[in-house]
Q: 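Pasting a structure here, questions to come.
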Number of protein chains: 2
Amino acid sequence: MPVTGRRGASRPMRADAQRNREHLLAAAVAAFSGDGGTEVTLESIAKDAGVGIGTLYRHFPSREALVDAAYRSELARLCDSVPGLLSSMPADKAMRTWMDHFIEYMTTKRGMSDALRKVIASGGNPFAESRARLLAAFAALAEAGAADGTIRPDLDPADLLASVSGVSLAVGGPAQREQAGRLLDLLMDGLRYGAARDG
Amino acid sequence: MPVTGRRGASRPMRADAQRNREHLLAAAVAAFSGDGGTEVTLESIAKDAGVGIGTLYRHFPSREALVDAAYRSELARLCDSVPGLLSSMPADKAMRTWMDHFIEYMTTKRGMSDALRKVIASGGNPFAESRARLLAAFAALAEAGAADGTIRPDLDPADLLASVSGVSLAVGGPAQREQAGRLLDLLMDGLRYGAARDG
DNA sequence: GGATGATCCGGAGGAACCTCCGTTTCCTCA
DNA sequence: TGAGGAAACGGAGGTTCCTCCGGATCATCC
């Protein structure tokens, strides 16, 4: 698989295309990191990257695709923290801690968060590029919990991801961090071993 | 309090304003009910109502305010069903059943759902007008559960509302109804009496 | 090196949202 | 009744998102 660019097993990306893609990504990271809260227009990113708006949209068909790509590495770091957590605490605590980090990440990176909200709002598949990675993280946590007996064994990683995204969507932003914590507590209470009852 | 229009204890709404408001509401209900899935522009609603776009925005400052007003009566019906549920089954089952209805409502009324998603995406207070009513419904269910011992007594209605909205936001639409059910099951497992554990 | 076709660029422009403010309509009070 | 002012109207226009397609650029093959 080529290092950059989404294409099947066809030809590698043309040189100018790859160059523009990198410029766009750099401009996007800079723009989204800038102070963290301001509105960022895609046109301004395209201008910063020295390309036309059409080029931006060809490489990143939607706003969230761009944001996703821009934050990919950071999100990778988040996912990579799972083994460390699992090695230092019981799986249920690791799960809860990691969820906190996830929410922290989502609510802090307003650009990311807004993009996720929008993609979910439009019914698309959120985290298009990163979804698999997140699912793997949740799966690891769930498996560890099933193994050490702290978490019920019948959980679907996709449901966990949906639940935690739901929490991050439901709470308005960094302001309601407290409420997010309570919602995660609630969720965890339902995830622990023995929580299931006959309806 | 006057029957229509949001105003404090000041003067009643001017006759033309009230007329226009009613026309807008009628047009909105018709538009949002039309087949259920098509995109509806606010400008078309204004045109149907025979008013300018500026008038629409004065009466309903945002899209969700209009949708909220349009669906108010239906949502009232949903909330009014709580006592009936509580009188015919234990509180935890009533809670779960009502949540199902809520999700059903949210995912079916695409206009409503999209509007909610958008208002949440923009960080506003969702259900601005209906929020109190929904909170009351959740409070009634939670209290009944605390009383009959099926639901833990330490729940905040606002958290319940946030959780269930989160579920409705997290699942893409009517398609993932099944997943929504699983998420609600998870949530319920956390709500039942005895679910809380020391972290 | 040069032709040639596939690939990519870029910005004009359509669609929708929302704001702003000059104009019009309505209510009040004498 | 009618004058005066408060309240509401309405649509032009700014902003952003995203699409579309003629023109420019690159890779390949001779």
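On a predicted model such as this, the values are computed, not experimentally measured, just so you know. We name chains A, B, ... by the order of the sequence lines, and we start the count at 1 in each one.
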Q: Between the side-chain atoms of A/Gln18 and the base atoms of C/dC8, is any donor-acceptor pair under 3.5 Å?
A: no
Q: Return the CZ to CG distance between A/Phe102 and A/Leu78, rounded to the nearest 0.5 Å.
A: 7.5 Å
Q: Both A/Thr55 and B/Ala15 contact DNA chain C. Which one's nearest nucleotide lies toward the 5' end?
A: A/Thr55
Q: Heavy-atom contacts under 4.0 Å between residues 44-53 of chain A and DNA chain C, which residues?
A: A/Val51, A/Gly52, A/Ile53
Q: Do the side-chain N or O atoms of B/Asn20 get closer than 4.0 angstrom to the phosphate oxygens (OP1, OP2) of D/dA8?
A: no
Q: Under the rule for side chain to side chain donor-acceptor pair (under 3.5 Å), what residues qualify as partners of B/Asp100, not counting sequence neighbours?
A: B/Arg96
Q: If the condition is side chain to side chain donor-acceptor pair (under 3.5 Å), which residues does A/Asp16 pass it with, not counting sequence neighbours?
A: A/Arg14
Q: D/dA7 base to B/Arg14 side chain: any donor-acceptor pair below 3.5 Å?
A: yes
Q: Nearest whole angstrom, please: distance from the C1' of C/dC9 to the CG of A/Asp16.
A: 8 Å
Q: Distance check needed: D/dA8 P versus B/Met13 CE, whole Å only.
A: 7 Å
Q: For A/Glu43 and C/dA12, give me the distance from atom CD to atom C1', rounded to whole Å.
A: 11 Å
Q: To the nearest Å, give me how far apart CZ (B/Phe60) and C1' (D/dA8) are.
A: 14 Å
Q: Write down the atom of A/Phe138, the atom of A/Leu161, and the distance for their closest heavy-atom approach.
A: CE1-CA, 3.7 Å
Q: Please identify each residue that fulfils side-chain contact (heavy atoms from CB on, under 4.5 Å) with A/Thr150, with sequence neighbours left out.
A: A/Pro90, A/Ala91, A/Asp92, A/Asp148
Q: For B/Asp159, give me all partners under side-chain contact (heavy atoms from CB on, under 4.5 Å), at least two apart in sequence or on another chain.
A: A/Gln179, A/Arg182, A/Leu183, B/Asp156
Q: Would you kindly give the CG-to-P distance between A/Leu56 and C/dG11, to the nearest whole Å?
A: 13 Å
Q: For B/Arg58 and for A/Arg58, locate the closest nucleotide of DNA chain C by heavy-atom distance; then report the residue assigned to the nucleotide nearer the 5' terminus.
A: A/Arg58
Q: Holding to side chain to side chain donor-acceptor pair (under 3.5 Å), I want the full list of residues that pass it with B/Ser44, two or more places apart in sequence or in another chain.
A: B/Thr41
Q: When you measure from the side chain of B/Tyr57, which nucleotide among D/dG10, C/dC17, D/dC17 comes out closest?
A: C/dC17
Q: Check every atom of D/dC17, C/dT25, C/dC17 against the side chain of A/Arg63 and return the nucleotide holding the closest atom.
A: D/dC17
Q: Using heavy-atom distances to pick each residue's nearest nucleotide on DNA chain D, tell me which of A/Thr41 and A/Gly54 is more 5'.
A: A/Thr41
Q: Nearest to the side chain of B/Arg19 - D/dC9, D/dT19, C/dC26?
A: C/dC26
Q: With a 4.0 Å cutoff (strictly under), does any side-chain N or O of A/His59 reach OP1 or OP2 of C/dC9?
A: yes
Q: Write down the distance between CG (A/Leu66) and C1' (D/dT16), rounded to a whole number of angstrom.
A: 15 Å
